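Every value quoted in this text rests on a predicted model; they were computed, and no experiment measured them.
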Number of protein chains: 2
Amino acid sequence: MLMEVGRLIREDFRRRAEHLKLTQSQTLALAHLHKNPGISQVTLAERLEVHPVTITQLVDRLQRAGWVRREVHEDDRRAFRLYVTDKADPILEEVWKIAAQAREHALSGLSRTERDQLDSLLGRMKNNLVGAPTDRSE
Amino acid sequence: MLMEVGRLIREDFRRRAEHLKLTQSQTLALAHLHKNPGISQVTLAERLEVHPVTITQLVDRLQRAGWVRREVHEDDRRAFRLYVTDKADPILEEVWKIAAQAREHALSGLSRTERDQLDSLLGRMKNNLVGAPTDRSE
DNA sequence: TTCATTTTGTTAGTCTACTAACTATTAGCC
DNA sequence: GGCTAATAGTTAGTAGACTAACAAAATGAA
């Protein structure tokens with residue numbers, strides 16, 4: 001059920017955002033870069049919780065499309081600093097709006113109390129899954 | 001939060017199942033075929049809620065690995081009937097066990113009542129997202 | 001200083017998913 | 001019967017995610 005709802009939310013977001021001509025991952029990456037200008041690819045990978053290889057390709061495409069630029073890091077010649085270009089600003093405005101709409105659509109009809117409940121239950125599930133490494137003898 | 005918990009559950013399952021040498025999609029497809037022997041690729045695609053193209057490739061790999069066989073449909077020469085091979089039986093036993101463990105791990109510490117609550121809240125979110133086509137003016 | 005280790009990012013190859021365009025077959029209508 | 005629609009599956013190409021193996025630069029210890 002949880003997986004299904006997750007999938008439906010992503011689908012809903014995708015439908016609302018398809019006119020932006022950006023994929024979900026690209027949108028997410030752009031949003032993160034906008035909030036944290038100048039971070040490295042490794043840092044971005046950690047934030048998005050994907051592997052650095054994935055970021056390489058993602059940034060490649062965003063750069064080719066002109067949404068992002070790479071600047072060599074002044075202190076570390078291996079690393080890049082990533083910046084969102086001005087071209088992306090209006091898109092990002094849209095993204096925030098759409099995200100809020102999708103969220104509200106999914107949660108509509110749920111009271112403040114129920115939303116808190118959901119959040120709390122999910123939080124406890126999350127705690128079950130993080131800290132403790134999987135014990136296969138369970 | 002919901003996305004995160006979903007991702008964590010999938011990760012947990014993947015970790016528990018990695019010794020099976022099957023990916024998550026392959027495992028899921030195998031499980032479905034075991035419960036519904038003889039279905040066509042289109043039907044399987046519908047059940048897994050992916051596009052038929054994806055099934056083509058998935059079944060290609062499962063067949064190459066010897067887990068699944070394609071038989072020509074007796075009434076429709078375009079279609080295949082899909083069957084899980086005997087080789088896959090012991091694996092599937094494992095899959096059910098692992099799925100139950102992963103579920104229990106995620107939900108541990110939640111009472112019967114709380115699980116019902118979660119289910120009901122997610123069910124309502126699901127209803128928000130299915131029936132009604134996205135209204136972009138929201 | 002030099003050498004081993006860590007970190008940053010890359011290429012190569014695999015798997016899952018998609019769209020678009022296609023073949024072959026079936027089904028329906030005139 | 002014959003033409004058109006729809007259906008089952010495929011190939012080709014793209015995007016995203018992964019692992020493995022690697023180069024280059026930075027770090028740190030002997």
Side-chain angles (χ1 to χ4, degrees), chain A residues 3 6-8 10-11 13-15 17-30 32-33 38-65 67-82, chain B residues 3-4 6-8 10-15 17-32 38-65 67-82:
Chain A
M3 303 295 172
R7 190 175 48 73
L8 288 168
R10 283 190 297 272
E11 242 171 48
F13 181 87
R14 186 184 46 69
R15 261 200 312 277
E18 62 191 356
H19 66 285
L20 297 181
K21 299 296 167 204
L22 285 166
T23 66
Q24 283 178 72
S25 312
Q26 291 174 349
T27 309
L28 201 58
L30 230 46
H32 264 83
L33 284 180
I39 63 174
S40 68
Q41 294 192 186
V42 199
T43 312
L44 181 59
E46 281 164 8
R47 301 286 172 81
L48 300 182
E49 303 185 76
V50 296
H51 282 230
V53 219
T54 307
I55 296 298
T56 299
Q57 302 178 5
L58 198 59
V59 173
D60 279 353
R61 293 199 185 89
L62 286 171
Q63 193 178 28
R64 268 203 299 276
W67 305 109
V68 158
R69 64 175 196 282
R70 281 177 165 115
E71 287 188 8
V72 280
H73 196 294
E74 58 276 19
D75 297 334
D76 187 341
R77 279 188 295 167
R78 295 168 306 179
F80 294 114
R81 285 183 174 285
L82 302 174
Chain B
M3 303 296 173
E4 200 172 345
R7 190 175 47 72
L8 288 168
R10 282 190 297 273
E11 242 171 49
D12 186 35
F13 182 87
R14 186 184 47 68
R15 261 201 312 279
E18 63 191 354
H19 66 287
L20 298 181
K21 297 298 167 204
L22 286 166
T23 66
Q24 283 179 74
S25 312
Q26 292 174 348
T27 309
L28 201 58
L30 231 44
H32 263 83
I39 62 173
S40 69
Q41 294 192 187
V42 200
T43 312
L44 181 59
E46 281 164 10
R47 300 285 171 81
L48 300 181
E49 302 185 77
V50 298
H51 282 229
V53 222
T54 307
I55 297 298
T56 299
Q57 301 179 4
L58 198 58
V59 173
D60 280 353
R61 292 198 187 90
L62 287 171
Q63 193 178 29
R64 269 203 299 276
W67 305 111
V68 158
R69 65 174 195 283
R70 281 176 163 116
E71 288 187 9
V72 279
H73 196 293
E74 58 276 19
D75 297 334
D76 188 340
R77 279 188 296 168
R78 294 167 307 180
F80 294 115
R81 284 184 175 284
L82 302 175

Going by number, which of residues 42-56 of chain B have a non-hydrogen atom under 4.0 Å from DNA chain D? B/Val42, B/Val53, B/Thr56

The nucleotide from D/dT7, D/dG9, D/dA15 with an atom nearest the side chain of B/Gln41 is D/dG9

Within a strict 4.5 Å, meaning less than it, do heavy atoms of the A/Leu82 and A/Ser40 side chains meet? no

Within the 4.0 Å heavy-atom criterion, would you say B/Arg70 contacts the bases, only the backbone, or no part of the nucleic acid? sugar-phosphate

Across all strands, who's sitting opposite D/dA5 as a Watson-Crick or G-U wobble pair, both distances under 3.5 Å? none

Can you check the A/Gln26 CD to D/dG16 C1' distance for me, whole Å? 9 Å

In whole Å, what is the span from the CH2 atom of B/Trp67 to the P atom of C/dC15? 14 Å

In whole angstrom, give the distance that lies between atom NE2 of A/His73 and atom C1' of D/dA25. 13 Å

Taking the side chain as C-beta and beyond, is there a heavy-atom pair between A/Arg77 and A/His73 under 4.5 Å? no

Salt bridge between B/Arg69 and B/Glu71, side-chain N to carboxylate O under 4.0 Å? yes

Is there a side-chain contact between B/Gln26 and B/Leu30 in this structure, where contact means two heavy atoms from C-beta onward sitting under 4.5 Å apart? no

How long is the straight-line distance from NZ of B/Lys21 back to OG1 of B/Thr27, given to the nearest 0.5 Å? 12.0 Å

D/dT11 OP1/OP2 closer than 4.0 Å to side-chain N/O of B/Gln57: no

Calculate the interatomic distance between A/Met3 atom CE and C/dA17 atom P; express it in whole Å. 14 Å

Does C/dC15 have OP1 or OP2 under 4.0 Å away from a side-chain N or O of B/Ser25? no

Any side-chain heavy atom of B/Val59 within less than 4.5 Å of one from B/Arg70? yes

Name the orientation of the base relative to the sugar in D/dA5: syn if the glycosidic angle is within 90° of 0, else anti. syn

In the strands shown, is D/dT11 matched to any nucleotide by a Watson-Crick or G-U wobble pair with both distances under 3.5 Å, and which? C/dA20

Euclidean distance, atom CZ of residue B/Arg81 to atom P of D/dA8 [Å, nearest integer]: 13 Å

Can you see if the side chain of B/Arg78 gets near the phosphate of C/dT23 - specifically, an N or O under 4.0 Å from OP1 or OP2? no

Is the shortest heavy-atom distance from the side chain of A/Gln41 to the side chain of A/Leu44 under 4.5 Å? no

Rounded interatomic separation in angstrom, taking CG from A/Leu62 and C1' from D/dA15: 12 Å

Can you check the B/Gln24 CD to C/dA17 C1' distance for me, whole Å? 14 Å

Can you check the B/Asp75 CG to C/dA24 P distance for me, whole Å? 22 Å

In terms of heavy-atom contacts, A/Ala29 and A/Leu62 come closest through CB-CD1, 4.1 Å

Here's a test of your reading of the structure: between B/Arg14 and B/Asp76, which maps to the more 5' nucleotide of DNA chain D? B/Asp76

Hey, is the side chain of B/Arg77 pairing donor to acceptor with the base of C/dT25 inside 3.5 Å? no

